[in-house]
Amino acid sequence: MIGKQATAVLYSLLKDGEKRPVEEIITDYSSKIPRSLHLEICSALVILLEDTPKFLKSSERLVAFALLHHTYSSLQSSTNPYLSLLINAACDEKTESSERAFILNLLGSSTSPGGTEEVLKLSAADYIKKFDPSSHSFPPLEQLNQQYHAKTHPDPFNCFFKNVAIKNIIPDPEVPRGCDVNSPEFDLQPGVKPRIGTGDRDEAVMTLLQTSSLEGLYPRWTRPHPPRLPILEGELVWVNPDNTHEPLWDLGMCADTSRGAAVRDLIVKALKGPLAPAQQEQVLVELTSDPKLVYHCGLTPRKLPELVENNPLIAVEVLIKLMNSPEITDYFTVLVNMDMSLHSMEVVNRLTTAVELPTEFVHMYITNCISSCENIKDKYMQNRLVRLVCVFLQSLIRNKIINVQDLFIEVQAFCIEFSRIREAAGLFRLLKTLE
């Protein structure tokens with residue numbers, strides 16, 4: 001790829017073929033573009049001439065061929081990397097006769113009338129206007145190849161991998177080969193936006209010059225792996241003197257994991273919504289038959305509130321099975337801090353009757369329930385939650401789950417604040433009987 005500045009210089013030289021002699025353009029090319037960029041410049045010209053031939057006007061193509069020939073004119077013909085391109089273009093019958101004759105003049109072929117110097121003194125446009133097809137004859141391809149490629153010196157740039165490579169320039173399928181893109185039928189219609197760029201030909205050519213390269217997708221050079229040498233009888237065998245390691249056995253390697261997979265799938269569904277009675281029964285039966293499945297069901301403390309709200313019975317069973325887990329404290333912390341609801345109180349109430357819960361956890365949950373009732377703004381929801389909390393506390397007191405003396409002042413103040421509610425009054429009377 002060439003830079004923006006070199007692109008502008010090169011394109012201006014190509015366009016100068018309309019008015020300036022070709023030899024002046026070649027002189028400017030040698031002075032304005034450093035020799036270090038010649039390879040990239042020629043690569044871009046090859047793409048314009050071969051892969052996108054109709055991007056250039058006829059005069060611009062003649063200038064491009066002249067620059068390609070001049071760049072390596074000081075070398076022997078057999079070492080010119082673009083000699084094959086020039087010969088093939090000169091023998092291509094689909095190419096314009098003026099273009100073929102111009103290339104033959106560049107090559108200095110004896111079959112072409114006129115000298116190279118006289119041709120280069122004209123501008124490319126004037127050469128095309130003055131060209132007389134009847135005064136020229138074109139030699140066959142074999143003759144030119146014999147003239148410029150000696151049999152003992154094959155083309156050093158002819159490479160099998162380069163010939164079979166996939167080029168990075170793809171012709172536009174909507175422009176058939178041999179059609180002139182400068183024809184009015186390809187003009188941009190009014191009101192239609194171009195698919196690429198602004199639709200300007202100059203912009204398209206300069207963009208192609210800056211972004212194109214001859215690199216393509218080459219086939220991989222595959223090499224077979226060398227065969228292993230046979231092991232000889234007297235070869236040294238590597239012995240580890242500190243080989244005291246014991247094998248590690250995976251006792252669960254052959255275990256049946258199908259039941260665990262079924263429970264995991266049902267737990268995933270239970271987090272999203274209530275399970276059907278048959279599915280709930282399946283989870284409870286599986287956990288009862290194999291309590292270790294609870295460690296592989298995919299439930300984490302963060303997901304516990306979803307299970308409590310959608311399937312409280314399964315949540316109770318899972319928490320009972322996790323009582324001996326070192327993470328049970330994390331589950332209790334999440335349960336205490338989650339939003340108070342009927343299902344959360346149901347889970348806590350069932351847990352208090354099934355296992356022995358830490359006293360701190362129960363007291364913290366009761367405090368959270370009382371605080372939730374006091375902070376709610378909706379009177380209807382407040383009355384509903386107060387009734388639930390009162391029934392929940394009465395159940396804990398009657399079942400002797402909590403020592404009422406530890407929370408007597410806090411619960412009594414709660415009953416007095418909501419004394420208008422019948423369940424709060426009943427709880428207050430229960431406290432007085434225990435006082």
Side-chain angles (χ1 to χ4, degrees), residues 1-53 55-57 59-90 99 102-109 115-124 127 148-150 153-159 161-163 165 167-169 202 204-216 218:
M1 293 184 293
I2 58 180
K4 188 174 182 181
Q5 183 177 359
T7 300
V9 173
L10 177 61
Y11 191 47
S12 66
L13 294 176
L14 295 177
K15 296 177 70 175
D16 283 347
E18 294 282 346
K19 52 187 178 180
R20 297 178 60 196
V22 177
E23 61 181 5
E24 291 184 9
I25 297 175
I26 293 176
T27 302
D28 286 352
Y29 168 77
S30 302
S31 60
K32 293 182 179 179
I33 297 181
R35 194 168 187 80
S36 58
L37 291 179
H38 283 185
L39 179 60
E40 289 80 359
I41 293 290
C42 291
S43 300
L45 291 176
V46 169
I47 292 176
L48 287 176
L49 292 170
E50 283 194 325
D51 299 311
T52 55
F55 264 46
L56 299 180
K57 298 178 181 178
S59 60
E60 294 171 348
R61 287 178 60 83
L62 296 189
V63 174
F65 280 119
L67 296 180
L68 279 179
H69 178 266
H70 168 75
T71 302
Y72 296 94
S73 59
S74 60
L75 302 178
Q76 295 181 359
S77 60
S78 59
T79 58
N80 188 336
Y82 302 109
L83 182 62
S84 297
L85 183 146
L86 295 172
I87 292 176
N88 291 332
E99 186 175 309
F102 183 81
I103 297 173
L104 290 175
N105 275 293
L106 292 176
L107 296 175
S109 173
T116 305
E117 295 182 0
E118 288 74 10
V119 171
L120 296 182
K121 290 180 180 179
L122 299 174
S123 67
Y127 176 82
Y148 293 100
H149 290 299
H153 298 87
D155 185 1
F157 298 95
N158 186 22
C159 175
F161 279 85
K162 182 182 70 173
N163 294 339
K167 294 186 178 181
N168 58 359
I169 300 295
D202 292 347
V205 174
M206 293 188 66
T207 301
L208 185 62
L209 286 172
Q210 293 181 50
T211 59
S212 61
S213 69
L214 287 179
E215 292 295 328
Y218 291 91

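This structure is a prediction, so every number in the text was calculated from the model and none was measured. The basis for the numbers below is simple: all heavy atoms, side chains too, and nothing from hydrogens, waters or symmetry mates.
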Any V63 side-chain heavy atom under 4.5 Å of D16 side chain: no
Please round to the nearest 0.5 Å and tell me the distance separating atom CG of L85 and atom NE2 of H69. 12.5 Å
Heavy-atom closest pair (A124 atom, S59 atom, distance to 0.1 Å) is CB-O, 3.5 Å
Return all side-chain donor-acceptor pairs below 3.5 angstrom for residues 21-28, not counting sequence neighbours, or 'none' if the list is empty.
{"residue": "T27", "atom": "OG1", "partner": "E23", "partner atom": "O", "Å": "2.9"}
{"residue": "D28", "atom": "OD2", "partner": "R20", "partner atom": "NH1", "Å": "2.9"}
{"residue": "D28", "atom": "OD2", "partner": "R20", "partner atom": "NH2", "Å": "2.5"}

Mind checking whether H38 and Y29 have parallel, tilted or perpendicular rings, split at 30° and 60°? parallel
Checking side chain to side chain contact (heavy atoms under 4.5 Å, CB included) for the pair I41/L10: CA distance, chi angles, key distance, verdict? CA-CA 8 Å; I41 293 290; L10 177 61; 3.9 Å; yes
Would you please test L106 and L68 for side chain to side chain contact (heavy atoms under 4.5 Å, CB included) and show each step? CA-CA 10 Å; L106 292 176; L68 279 179; over 6 Å; no
How many angstroms lie between atom OH of Y127 and atom NZ of K121, to the nearest 0.5 angstrom? 15.5 Å
Could you check whether F65 and F102 have their ring centres less than 6.0 Å apart? no
